[in-house]
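The next block holds one structure in the form of structure tokens; read it before the comments.
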Amino acid sequence: MQNVYDTLKARGFIENVTDEEAVKALLNEPRVCYTGFDPTGDSLHVGHLLPIMALMHMERAGHKPIALLGGGTAMIGDPSGKTEMRQMITAGTIEANKEAMKKQIGHYLDVEGGKSLVLDNARWLLPLNYIEFLREIGRHFSVNRMLAAEAYKQRLERGLSFIEFNYQILQAFDFLTLYRSHGCLLQMGGNDQWGNILAGEDLVRRLEGKEVHAFTYPLLTTADGKKMGKTEKGAVWLSSEKLSPYEYFQFWRNVEDSQVIKLLKLFTFLPLKEISEMEEWTDSRINKAKERLAYEATVITHGEEEARKALEATKAVFAGAGASNEALPGTEIKEEDLNVRNWDAASFLAELGFSPSKSEAKRLIKQGGVSFNGEKVSDFAMAVTEACFDENKECLIKMGKKTFFKVVLK
RNA sequence: GGAGGGAUGCCCGAGUGGUUAAAGGGGGCAGACUGUAAAUCUGUUGCCAGCCGGCUACGAAGGUUCAAAUCCUUCUCCCUCCA
């Protein structure tokens, strides 16, 4: 079997590595490795997916990944690469976030079966005794060196609070703890974590005299350099409650041309050979590759059933084929409401939540961006009546070029 | 602790009493072009009404004035220099 490091490297997961040969050698046998996740939100989003995919590869290769929830470090806030201090989160929020994230991680990794672990660093960070910790751990950290680190540069100009300055030390301590308790020899993380990760590697060497290793993932950005996974409407959530599988599918379907191959390697398990064949699909054929990406990625997060429905709904609205549009986001309204409310088109969109405000809806309609069942809405004062619904009592609302909603009359 | 500077719409940033819902840029949205791409061009971008108009808004709270983002007072936060 191929060394999982080679797999990860070939698929584009590796940005920085402490010692390539050593890591490979290490991974010739089943090992424990870990990546940290900060429970700063109530759901995982696409930004978390890359580490998760890497852990999935690890698990599949017979290693034992640990997803480490930063329940303790989240109380502090990581200053790396940030320009401003992060808002402090309350302990209660962190607790709730942890639960949610743990559940979601279990969706990707076999936690129940014990092939992977989810741990929480609050367990060892919260009980720490300050003086003891300073004496044992703190003395190994050179302030001079920490200050020289790239990660702090920006913050040195803008101001860095002492609490944040400690983040790196705590993360290093995590690595040490996991080495001691689980024999963990490898830490992975986003490239912005490189400094923190090296600090941990260093600490283990100093205290335990043991070489541990690490590598980082590239930070994914869109072609114009923005963080991937943030849309105007917010993060691309991995929870179907926060983002429907159809919309999730659409997110992947709409990635830029230049990113498709890269994303296929990172976010699907398709064999590299198959992916490299897709590189030939230029011009409009690249849409096939995007569709494949969207489908595979949706399968991983939402399962085959949902992925299939999303694909079908996509075909229904974009290709006009008679496929089922079941997966489309939308809502139901009562027939009597239609008569009682006397909706005009703009209020209709606003009140059903498809448009953030009535003004916005009016603007959109005025600009010719809305159609009901394929028929352009030319006047925002147009009355919404049964005539807007088809024989199945459905109204397919198209807003802009690629946003679809469905309203069903009950 | 002392001295000074600052806080403007999603972001950056102009504006120092009325003509300012607030220049300009970025971003977003829409239209054209396309391949549900990129680039480009055009329009648009607080809310309600859509004919007039009304309301809310320039860190927070008060005040001066016919009239305040612009002046005064207090408060909060941030930055720079000194200790």
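These numbers come from a predicted model, not from an experiment.
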Name the closest nucleotide to the [X] side chain, picking from [options].
X      : options             : value
A:S359 : B:A38, B:C29, B:C47 : B:C47
A:T314 : B:G35, B:U36, B:C29 : B:U36
A:K358 : B:A37, B:U36, B:A49 : B:A49

Inter-nucleotide [atom1] distance ([N], [M]), Å rounded:
N     : M     : atom1 : answer
B:U44 : B:G9  : P     : 23 Å
B:U45 : B:A21 : C1'   : 12 Å
B:U70 : B:A7  : C1'   : 14 Å
B:G27 : B:C11 : P     : 16 Å
B:G13 : B:G24 : C1'   : 8 Å
B:G2  : B:C12 : C1'   : 33 Å
B:G26 : B:A14 : C1'   : 15 Å
B:G31 : B:U20 : C1'   : 30 Å

Worksheet item: Does a salt bridge link A:R205 with A:D202, judged by any charged N lying under 4.0 Å from a carboxylate O?
Response: yes
Nearest whole angstrom, please: distance from the [atom2] of [N] to the [atom1] of [X].
X      : N     : atom1 : atom2 : answer
A:D257 : B:G35 : CG    : P     : 12 Å
A:K402 : B:U34 : NZ    : C1'   : 11 Å
A:L328 : B:U36 : CG    : P     : 17 Å
A:I365 : B:U45 : CD1   : C1'   : 16 Å
A:I286 : B:A37 : CD1   : P     : 12 Å
A:L263 : B:A37 : CG    : P     : 16 Å
A:I261 : B:A37 : CD1   : P     : 18 Å
A:M399 : B:G31 : CE    : P     : 11 Å

Taking pairing as Watson-Crick or G-U wobble with both contacts under 3.5 Å, can you name the mate of [N], or confirm there isn't one?
N     : result
B:A23 : none
B:G1  : B:C82
B:U65 : none
B:G31 : B:C41
B:C52 : none
B:C58 : none

Report yes if a donor N or O on one partner sits less than 3.5 Å from an acceptor N or O on the other, where the partners are the side chain of [X] and the base of [N]; otherwise report no.
X      : N     : result
A:E360 : B:U45 : no
A:K401 : B:G31 : no
A:Q367 : B:G31 : no

Fill in: Comparing A:D283 and A:K366 on RNA chain B - which has the more 5′ nearest nucleotide
A:D283
Worksheet entry | Given RNA chain B, 5'-ward residue of the pair A:G368 and A:K362, judged by closest heavy atom | A:G368
Practice prompt. Apply salt bridge (Lys or Arg N to Asp or Glu O under 4.0 Å) to A:E136 and list each qualifying residue two or more places apart in sequence or on a separate chain.
Written response: none
Item to complete: Could you walk me through whether A:K98 and A:E95 pass salt bridge (Lys or Arg N to Asp or Glu O under 4.0 Å), step by step?
Response: CA-CA 5 Å; A:K98 274 195 307 209; A:E95 203 51 47; 3.3 Å; yes
Worksheet item: Has A:R206 got its NZ or CZ under 6.0 Å from the middle of the six-membered ring of A:F141, at an angle within 45 degrees of the ring axis?
Response: no
Discussion item. Base, sugar-phosphate or nothing for A:R363? Non-hydrogen atoms, less than 4.0 Å.
Written reply: sugar-phosphate
Verify the ring-centre separation between [Y] and [X]: is it less than 6.0 angstrom?
X      : Y      : value
A:F249 : A:H302 : no
A:F348 : A:F354 : no
A:W237 : A:Y248 : no

